[in-house]
Amino acid sequence: MPKSLEKTRKKIAKKKGNISALHENSRDSQRLRRALMRDDKLVKVASLRRRNDQPLIERAAYFQEAIRKNDGLPLEMETIRPLIDAFVHQNDEEFSKLKKERRAGRPASTREDLLRMKIAADEKERENGFYLPDLTDTDNVVLLNKWEGAWSYLSTLKWVRISSSGQVQQAKFPPKGES
């Protein structure tokens, strides 16, 4: 949590005493406003970063669960491809439910539009190369199994892109351009 407002308030209080007695446009009140705006900006940037990181965290958690179901052992490509398909189509049921509940002639709900875009993006990524932790490497599987949900730990894992034809390419973390 940003603390520049607290620090600024403390410095002004030490210098002046009661902060509530400041003039509306004084230098000290302007310093307080700048510190408040700086703190607000930092909070917004942090929340935006967390929101952008969330899809990769969910993806890693999904494949971690698959590893745990396999007793912490590496997976073969024949096992990974159905897992990718299941991940891509995990929202299909909710999407079709929302579509059925909508009355004829009504526009799609916001949630339905978001699901449609997510499903289309996942389908496109699956065709071009699906981004996931390397589940065929023993050391990487052990690291993924130990993962506790922290974003910073994900950079220690090896990541790959698996195309729809089955071609595997090493990839860097985090991916550039899309998440």
Side-chain angles (χ1 to χ4, degrees), residues 1 41-179:
M1 187 76 189
K41 179 182 169 190
L42 290 174
V43 167
K44 285 179 186 175
V45 166
S47 69
L48 180 65
R49 183 177 297 127
R50 274 192 304 277
R51 191 173 16 159
N52 288 339
D53 297 345
Q54 193 61 36
L56 282 176
I57 290 174
E58 290 172 359
R59 184 173 293 193
Y62 178 83
F63 289 106
Q64 180 189 41
E65 187 63 32
I67 288 294
R68 289 186 174 161
K69 286 180 182 174
N70 195 36
D71 298 326
L73 299 173
L75 300 173
E76 298 295 323
M77 192 57 67
E78 296 81 31
T79 313
I80 295 173
R81 292 177 106 187
L83 286 173
I84 292 172
D85 290 338
F87 182 84
V88 168
H89 295 292
Q90 66 186 350
N91 294 317
D92 287 354
E93 188 175 311
E94 182 183 356
F95 177 70
S96 62
K97 180 182 171 217
L98 287 173
K99 200 171 181 180
K100 287 178 186 174
E101 288 177 355
R102 184 170 33 115
R103 292 188 324 224
R106 302 287 300 174
S109 67
T110 306
R111 177 72 181 151
E112 189 178 339
D113 287 338
L114 289 173
L115 284 174
R116 181 182 297 118
M117 289 188 297
K118 181 172 177 16
I119 291 169
D122 286 347
E123 284 284 344
K124 183 178 178 189
E125 182 183 0
R126 185 178 63 174
E127 293 298 319
N128 297 336
F130 193 79
Y131 188 73
L132 72 154
D134 189 358
L135 303 177
T136 59
D137 182 32
T138 307
D139 296 334
N140 205 45
V141 167
V142 169
L143 289 174
L144 182 60
N145 202 12
K146 290 180 183 176
W147 178 59
E148 296 176 350
W151 169 259
S152 57
Y153 189 84
L154 291 178
S155 62
T156 62
L157 299 174
K158 292 181 198 170
W159 291 77
V160 294
R161 283 198 181 275
I162 300 177
S163 67
S164 59
S165 63
Q167 182 182 2
V168 179
Q169 287 182 311
Q170 292 294 326
K172 293 185 179 184
F173 182 83
K176 302 293 182 211
E178 85 262 2
S179 323

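Both backbone and side-chain heavy atoms feed into the values below; hydrogens, waters and symmetry mates do not. Keep in mind the model is a prediction, meaning the values are calculated, not measured.
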Open item on the list: Between Glu125 and Arg59, does the salt bridge (Lys or Arg N to Asp or Glu O under 4.0 Å) criterion hold? Intermediate values first, please.
Closed with: CA-CA 13 Å; Glu125 182 183 0; Arg59 184 173 293 193; 2.7 Å; yes
Test salt bridge (charged side-chain N to carboxylate O under 4.0 Å, His left out) applied to [X] - qualifying residues, sequence neighbours left out:
X      : answer
Asp139 : none
Glu65  : none
Lys118 : Asp122
Asp85  : Arg126

TODO: May I ask you to decide if Ile84's main-chain N or O and Tyr62's side chain share a donor-acceptor pair within less than 3.5 Å?
DONE: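 Judged by distance alone, no pair lies under 3.5 Å.
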Interatomic spacing from [atom1] in [X] to [atom2] in [Y] - rounded to 0.5 Å:
X      : Y      : atom1 : atom2 : value
Ile80  : Thr136 : CD1   : OG1   : 5.5 Å
Lys99  : Ser109 : NZ    : OG    : 12.0 Å
Ile119 : Glu94  : CD1   : CD    : 8.5 Å
Ile57  : Arg50  : CD1   : CZ    : 10.0 Å

Task: Sole candidate of Leu135, Leu83, Asn140 that passes side-chain contact (heavy atoms from CB on, under 4.5 Å) when paired with Ile67 - done: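 Only one option passes, and that is Leu135.
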Residues in side chain to side chain donor-acceptor pair (under 3.5 Å) with [X], at least two apart?
X      : answer
Thr110 : none
Thr79  : none
Thr138 : none
Arg81  : none

- [ ] For atom CD of Glu76, decide whether the heavy atoms of other residues, nucleotides or ligands shown that lie under 6.0 angstrom number more than 12.
- [x]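 Atom CD in Glu76 is not packed in, count stays at 12 or less.
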Open item on the list: Take a 6.0 Å sphere around CD of Glu101 and say whether it holds more than 12 heavy atoms from other residues, nucleotides or ligands.
Closed with: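 It does: Glu101 CD has more than 12 such atoms within range.
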TODO: Return the set of residues passing side chain to side chain contact (heavy atoms under 4.5 Å, CB included) with Ser96 (not counting sequence neighbours), or none when no residue passes.
DONE: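 Ser96 satisfies side chain to side chain contact (heavy atoms under 4.5 Å, CB included) with no residue once adjacent residues are dropped.
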Open item on the list: Run the side chain to side chain contact (heavy atoms under 4.5 Å, CB included) test against Leu73 and tell me which residues pass, sequence neighbours left out.
Closed with: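 Per chain and number, Leu73 pairs via side chain to side chain contact (heavy atoms under 4.5 Å, CB included) with Asn70.
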Note, [X] side chain near [Y] side chain (heavy atom, < 4.5 Å):
X      : Y      : value
Arg49  : Asn52  : no
Gln167 : Arg161 : no
Leu56  : Tyr131 : yes

Looking at every heavy atom in both [X] and [Y], which two are closest together, and how far apart are they?
X     : Y      : result
Leu98 : Glu112 : O-OE1, 3.9 Å
Val88 : Glu123 : CG1-OE2, 3.6 Å
Ala61 : Trp147 : N-CZ3, 3.4 Å

TODO: Please list, chain by chain and in numerical order, all residues satisfying ring-ring contact (aromatic ring centres under 6.0 Å, His included) with Phe130, sequence neighbours excluded.
DONE: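 Only Phe87 meet the ring-ring contact (aromatic ring centres under 6.0 Å, His included) criterion with Phe130.
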Open item on the list: Looking at Arg116 and Asp113, is there a salt bridge between them, counting it only when a charged N and a carboxylate O are closer than 4.0 Å?
Closed with: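 Yes, charged N to carboxylate O under 4.0 Å.
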Pairs under 3.5 angstrom only: tabulate donor-acceptor contacts from the side chains of residues 150-159 to other protein residues two or more places apart or in another chain.
residue : atom : partner : partner atom : Å
Tyr153  : OH   : Leu143  : O            : 3.2
Ser155  : OG   : Ser152  : O            : 2.9
Thr156  : OG1  : Tyr153  : O            : 2.6
Lys158  : NZ   : Asp137  : OD2          : 2.9
Trp159  : NE1  : Leu154  : O            : 3.1

